[in-house]
Every structure is written in C-alpha cells, then in structure tokens.
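The structure appears below as structure tokens.
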Amino acid sequence: MVKIENYPLSRVPQTQRVSLLSVAIVHMGMLTALDQFMLGAVLGDSMALIDAFIAIFIGSLIFGIVTFGLGFAGMREGLSGSLLARWCGFGRIGSVLIGLMVAISLLGWFGIQNAIFAHSLNFASGDRLGFGWAAAFSGTLLTTLVAFGFKALRFTARIAVPLFILLVAYISTTVLSGNTGQQLHEIIKLPHSGDTLTISAGITIVVGGAIVASLMTPDLTRYTKSGQHVFGITLLTIIAGEFVINGLAILIAKALNTSDVVTIMSQAAGGAGLLVVVFSTLRVNDLNLYSSSLGIINAVEGITGKKLRYSPTTAVIGIFGTLLSILGILERFVDFLTVLGVVFPPIIGIMLVDYYILRSHRKILDKSREQGALPSETPTIGWAAIIASVIGSVVGLEAEWGVPAINSLLLASLVYGLFKSVCKRI
C-alpha cells in the first residue's frame, strides 16, 4: 500500500519501490471522483459535444505531458513534489509557498464539495433545511470528525470509490440506453443548455480540474520502479478520469439537460444516488481538509519556525471552507477551475525547465542520489521562479488570446529560462 506521508523529508529507497498497479490505483483515485464528474457535467451542459471532447483531449494532453515529466523526475530522484521543488528553481521557501498554494486550493475544493453535500441534505429534506443551514451543519460535522480523528471516515473512504463507480455505471446504462426516451445518437445531437464555454476555456478548466493531482504526482511515483511505470500510471489515470468519468458525465448532462450533480444523481438513481453523493463528498473532503491543514501547518513552520497545533488549525480551516460554501463558491466552480488552470501550470513548467533543460542542481542531485541522501546544499529562495510564476499567472488570467492554461505555462517557462540565462551572464 502506498502511503504519501512516508519518507516526507528523504528519498524513497529502491527497496521500498512497489508495483505499477499499487501506485496506479491511488493515482487514478485522484481523478475518478465526484469532482471530475462535476467537471464533465459542466462541459456537457455548456459546450457542443465535439467541442467538449476536444477540450478533454487537449487538456488531457497537457496534463499527460507535465504529469509524466514531474512523475519521472519524482521516480528518478525518489523525492516528493515539495522536496523536488527545492532543487527545481524554487528553493526552500519557494517550495513552502507552493505547498501553501496547494493547501489554499484544497480549501476551495473543500468548500465546493461541502456545498454539494449541503445540496444533497437540503434536497433530501424537501428544502426544509435551507442551503445555508445545511452547509453550516455538514461543514461543522466534517470539520469535527477530521479535527478529532474520527476513524469511521476511513470506512467511508473505502466504500465511497467503488460505490461511486458503480453508480456512474448504473446511471450511464440507464440514461444512455434509451430508457429516458432518447437514443444515444439523439443525445449526441442535443445542443447545450447552459452558459456557453469556448474550447479554450474548456481546455483550461479541464487542466484546472486535474493540475493539483499533477503537482502531487511525484509524491506517488517516487515509489515506482521505472519510467515505463510512470507512463503507464499517467495513461491509466487519463483514460479512467478524463475520458471515462468526464466523457460519461458529458453525455449524461446532455441527456438530462442539467449540470447539477444532485439533480442528476437523484433523478437517475433516487435516494441511493444522493447517498453515494454524500459518501463521495465525505471521502474527498476528508482528504481535502486533512491535506490543507498539514500544508498550512508546514508552510507556517517553514516561514516563521512556529508549529501550529493540528486540531485548532483544522477547525479554523474548516470554518473558512464552510463559509466559502455558504457564500456560493459552487456557483463559481468554472471560475475556480480557471484560476487553478492558470496558477499551477507555471509552477510545473518552471520545475520541468529547471530539471530537464537548465539542470541547475542536477550535479548535486545526482551525487546525493548515489548516497541515498538529500543534497547538502539547499537554495533558500528562487526569486526567478517565483517572479516568472506570477508573470505567467497574470498573463494567463488577463490575456484574451489563445488558451489560458497553455499561455501561462509557456510564458512562465520562457521568462524563467531568460531570467536564469541573464543572471548567468551578469
């Protein structure tokens, strides 16, 4: 069993490497979840079918390239993503800031998933609870469980994934087999009913929906044995998460004429569908809140030297996440994914450029790898990487040409390469 928390500040030795399937199952779990189904439903309700699948294909291509690049580096070095960033341009403080950004993004995901949970509760109560009270209740409940280590959450995690996959298979069979009065060829021709998304916007939110998983890939692939394994893991995750889960969600959203996951699940599977939604949000939000809390604790300790206590930190983060739900972050789902799709690609692009092209610290990485240790020299902060990331993100958000995710990734990589070249000559 792969445990991400093992070897947090050291290399994973070759003796601890595991099979392709062991890592692939965990990695696929990142994208075979409710959030990917939500993303697919948005695409299906906002784009023509061919445009939606073009967005998935190009977004998956971007995800696949950067994920394999980072994953291969993690396998080769036996290092987690946060450690790898220290010697891939960002330095110790820069890598802490990346961890903080990941933690904040997971806080946003907590708010979105909690909103789905609250909608399910409110729907089940016949709208008697009201969304605000339902969100406050569900957020408080989950925060309490995670903060005080309630072991039952592990049980929900074990059953949520297979239940969700079975539910998607059941809904797909029911909705797409013609039982709703529409044959598949008729569904394919249906126009979208939601606000229109362009192909470039669709690509960016596909990237945004998966990019945090890409950044976390070295945490898993450091346990793999070869580059072939990394490639296989990346390919399996793209097929399962992007094409199967997203693809089915696109078709189902078109058939039912909605992107609302609660409506889809309740309309197609009744109370059982709502129950699976609740289990799925519990499973995902357990990890979101736990990882966000640890990320913020590590960031504060790395910057200030002060170590926050876990339970109070989790409680505070849970309150913020619950407030995001009540304030309507679910209605800003596309905007949230767009921000993720332009903020994180520059970080990954810079790491890849530094590791594979500039090779700034490859000598000390190679030398220390032979000894099975970390490099003795650690840069404090990589200003060039941080500045280039900010420039790439701003241009990705503001530019009205091209694909925002690609714009931010390529520009940040280019600016970083230029910065480093100029600094060498000075």
Side-chain angles (χ1 to χ4, degrees), residues 30-33 35-71 105 108-109 112 188 191-217 234-235 237-254 259 332-352 389 391-414:
M30 293 182 180
L31 294 190
T32 52
D35 46 10
Q36 284 299 306
F37 190 88
M38 290 166 57
L39 169 58
V42 169
L43 293 176
D45 196 46
S46 304
M47 304 179 76
L49 187 72
I50 186 66
D51 291 346
F53 277 98
I54 288 173
I56 287 181
F57 178 77
I58 298 176
S60 298
L61 187 62
I62 297 169
F63 170 77
I65 292 170
V66 300
T67 299
F68 175 74
L70 272 187
S105 74
W109 278 117
I112 287 170
I188 291 173
H192 62 273
S193 57
D195 295 336
T196 301
L197 276 178
T198 63
I199 292 179
S200 63
I203 293 168
T204 297
I205 68 169
V206 169
V207 173
I211 200 68
V212 175
S214 180
L215 197 57
M216 294 173 66
T217 293
T234 304
L235 185 62
T237 296
I238 288 173
I239 292 171
E242 300 291 4
F243 288 100
V244 176
I245 299 297
N246 274 349
L248 289 174
I250 288 170
L251 294 173
I252 292 168
K254 281 196 171 297
S259 64
R332 312 294 297 183
F333 183 52
V334 171
D335 296 332
F336 175 70
L337 292 181
T338 301
V339 171
L340 295 186
V342 298
V343 168
F344 283 103
I347 294 171
I348 297 175
I350 288 167
M351 290 178 65
L352 294 176
S389 294
I391 291 173
S393 299
V394 170
V395 172
L397 285 170
E398 298 296 330
E400 298 182 358
W401 43 267
V403 179
I406 298 176
N407 293 345
S408 63
L409 188 153
L410 294 181
L411 182 62
S413 302
L414 179 62

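All values reported here derive from a predicted model rather than from experimental measurement. Side-chain atoms are counted along with the backbone in the values below, which use heavy atoms only and exclude waters and symmetry mates.
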In Å and rounded to the nearest 0.5 Å, what is the [atom1] to [atom2] distance from [X] to [Y]?
X	Y	atom1	atom2	result
T338	I205	OG1	CD1	6.5 Å
I245	M38	CD1	CE	14.0 Å
L61	I56	CG	CD1	13.5 Å
I203	F57	CD1	CZ	10.5 Å
S259	F37	OG	CZ	11.0 Å
L397	D335	CG	CG	10.5 Å

- Message: Between V206 and L43, does the side chain to side chain contact (heavy atoms under 4.5 Å, CB included) criterion hold? Intermediate values first, please.
- Response: CA-CA 9 Å; V206 169; L43 293 176; 3.8 Å; yes

Show the nearest heavy-atom pair for residues [X] and [Y], with the distance to one decimal.
X	Y	result
A41	A253	O-CB, 3.5 Å
G402	S200	O-CB, 3.6 Å
A405	P345	O-CB, 3.9 Å
Q36	G241	OE1-O, 4.1 Å
G202	A55	C-CB, 3.7 Å

Pairwise side-chain contact, [X] with [Y], heavy-atom cut-off 4.5 Å (strictly under):
X	Y	result
V42	L197	yes
S408	S393	no
I58	I54	yes
L49	I250	yes
I350	S389	yes

State which residue, out of [options], fulfils the side chain to side chain contact (heavy atoms under 4.5 Å, CB included) condition with [X].
X	options	answer
V342	V207, N407, T204	T204
L409	V66, I348, I65	V66
L411	V394, I406, V395	V395

- Please list, chain by chain and in numerical order, all residues satisfying side chain to side chain contact (heavy atoms under 4.5 Å, CB included) with I238, sequence neighbours excluded.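 For I238, the residues satisfying side chain to side chain contact (heavy atoms under 4.5 Å, CB included) (neighbours in sequence not counted) are S60, F63, T234, E242, F243.
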
- Query: Do any N or O atoms from the side chain of K254 and from the backbone of M47 form a donor-acceptor pair under 3.5 angstrom?
  - Reply: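 Indeed, once roles are kept as given, a pair shorter than 3.5 Å links the two residues.
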
- Query: Donor-acceptor pair, T67 side chain versus G64 backbone, under 3.5 Å?
  - Reply: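 Answer holds: no.
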
